[in-house]
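Both counts, for ligands and for their atoms, begin at 1 and track the order of listing.
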Amino acid sequence: MSDFAALWAEIAEIGRASSGGYLRYALTPPELTLRDWFRGQAQRRGMTVTEDGNGNLFAWCDEPWAPGTVLTGSHFDSVPHGGGYDGPLGIVSAFLAVDQVKKGAKIAIGAFVEEEGGRFGVPCLGSRLLTGMITPEKAAALTDRDGVTFGEALGSLPTGKSAPIENLAAFVELHIEQGRALEVPVGVGSAIWPHGRWRMEFTGTGDHAGTTRMTDRHDPMLTFAHTVLSANQEARLTGAHATMGRVEAEPNATNAIPSLVRGWLDARAADTATLDRLLESVLKRANERAGVDGTELSVVAESVTAEVAFDTELARRLSVLLGDAPILPTGAGHDAGVLSAHLPTAMLFVRNPTGVSHAPAESASDEDCAAGVEALAQVLESLT
Ligand code: HGY
Ligand code: MN
Ligand code: MN
Ligand code: MN
């Protein structure tokens with residue numbers, strides 16, 4: 001069994017559901033177990049473990065936050081029934097890469113909290129707090145579906161931008177590729193598509209499903225359904241990606257016309273203009289349909305991420321270092337996208353044969369993952 005396969009096996013069952021996907025929500029038992037695993041791996045290597053007061057965990061080969069440190073790592077949390085590689089692959093690979101880099105190199109490994117936004121609704125919450133892109137107060141007040149706030153889950157008010165991130169020389173995140181673009185084991189990231197998530201609330205008139213004539217209804221599910229179709233049509237027309245994968249109805253009863261339907265639009269595009277055009281069109285059509293249905297619509301942008309272009313020179317250098325590894329963009333958000341506004345940042349992608357992600361079918365071969373570890377070790381060696 002390869003070093004990678006052996007270390008991977010230590011975490012593969014943590015948080016795994018009968019679906020084969022993972023339920024590793026931030027600061028819940030499975031993710032806390034993975035944090036304990038992280039601490040054990042760090043101690044096994046004589047690394048110093050620190051927490052930054054925002055829920056982010058770090059392991060340091062040298063002094064914490066020593067100037068010139070190169071940070072690598074990713075996240076442990078998953079979307080509901082997500083794949084096992086999205087996040088943890090970057091952390092497991094980091095520990096194995098540290099084993100290969102010369103002793104004394106100033107390298108650190110980070111495990112960022114709530115990257116998926118799967119529990120508290122804002123993605124990259126930990127890296128946004130670390131870089132001051134969200135206030136501790138706003139983060140602390142975010143609630144999960146059981147009404148637990150992030151502050152309660154963390155056990156304190158987050159410390160926000162308190163660590164000297166300016167001391168870091170670079171951040172490199174290794175991540176499984178989440179599309180179908182990578183034909184070789186390892187690639188280098190060029191950009192992250194602009195993207196965001198909008199909470200849309202459709203308000204109508206609750207009523208009896210059996211006694212209310214169709215002409216007398218103000219049914220928000222109808223307006224919602226038209227909005228889903230509009231988003232899908234607009235995305236197909238413009239090459240954007242639009243998804244409404246999460247929906248809630250109140251009172252959510254089979255025999256009651258809903259009074260309210262809440263749906264989240266996840267929209268992304270290769271450039272900002274296309275994304276803006278999609279959004280404008282979907283909101284226009286949704287409001288028009290609300291007029292027809294006699295329903296009301298309110299929209300809240302829960303998080304919007306501008307286009308991220310990674311350091312081109314660094315990406316090219318890494319591509320050459322890795323034997324002309326392909327350089328490719330991603331439609332997925334990452335903590336690297338947040339950190340790239342504050343320090344030189346690069347991403348490495350490991351091939352995903354199914355191309356599926358955020359679902360149990362996400363996959364990567366041990367051979368490709370081992371190639372990813374080698375690549376990360378070479379990159380860390382070259383940067384330190
Ligand atoms: O949703 C995303 O793009 C990322 O996986 N958090
Ligand atoms: Mn993800
Ligand atoms: Mn991820
Ligand atoms: Mn009844």
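Close contacts between ligand 1 and Glu115 involve ligand atoms 4 (C), 6 (N) [criterion: under 4.0 Å to a heavy atom]. Atoms of ligand 1 lying under 4.0 Å from any heavy atom of Glu116, numbered from 1 in the order shown and given with element: 4 (C), 5 (O), 6 (N). Within ligand 1, counting atoms from 1 as listed, the ones closer than 4.0 Å to a heavy atom of Ala332 are 3 (O).
The other members of the hydrophobic cluster of Leu328, by chain and number, are Leu182, Val184, Ile192, Val308, Phe310, Met347, Phe349 (side-chain heavy atoms under 4.5 Å, ILVMFWY only). Within the hydrophobic cluster formed by Ile, Leu, Val, Met, Phe, Trp and Tyr side chains joined at under 4.5 Å, directly or through other members, Phe171 is accompanied by Phe58, Trp60, Trp65, Leu71, Phe112, Leu130, Ile165, Leu168, Leu339, Leu343.
Residues Pro80 and Tyr25 meet the side-chain proximity criterion, which asks for heavy atoms closer than 4.5 Å. A heavy-atom distance below 4.5 Å is not found between the side chains of Tyr22 and Ile14.
A salt bridge links Glu302 to Arg199: one of the charged nitrogens lies within less than 4.0 Å of a carboxylate oxygen. Under 4.0 Å is where a charged nitrogen must lie from a carboxylate oxygen, and between Glu31 and Arg24 no such pair does. A salt bridge between Glu234 and Arg277 is absent, with no side-chain N of the basic residue lying under 4.0 Å from a carboxylate O of the acidic one.
Note: no N/O pair closer than 3.5 Å links Arg197 and ligand 1 by distance alone.
Summary of contacts: the protein heavy atom closest to atom 5 (O) of ligand 1 is His358 NE2, 2.9 Å. For atom 4 (C) of ligand 1, the closest non-hydrogen atom on the protein side is Gly333 O, 3.3 Å.
Residue-and-atom listing of protein N/O/S atoms under 2.8 Å from the Mn ion (ligand 3), sorted by chain and number: His75 NE2, Asp86 OD1, His175 NE2.
Within the 4.0 Å heavy-atom cutoff, His334 does not count among the residues contacting ligand 1.
Judged by distance alone, the side chains of Thr50 and Asp52 never bring a donor and an acceptor atom under 3.5 Å apart. Side-chain N/O atoms of Asp366 and Ser2 include no donor and acceptor closer than 3.5 Å.
Thr205 meets the side chain to side chain contact (heavy atoms under 4.5 Å, CB included) test with His218; sequence neighbours excluded.
Considering only non-hydrogen atoms, atom 2 (C) of ligand 1 lies nearest to Arg268 out of Gln178, His175, Arg268.
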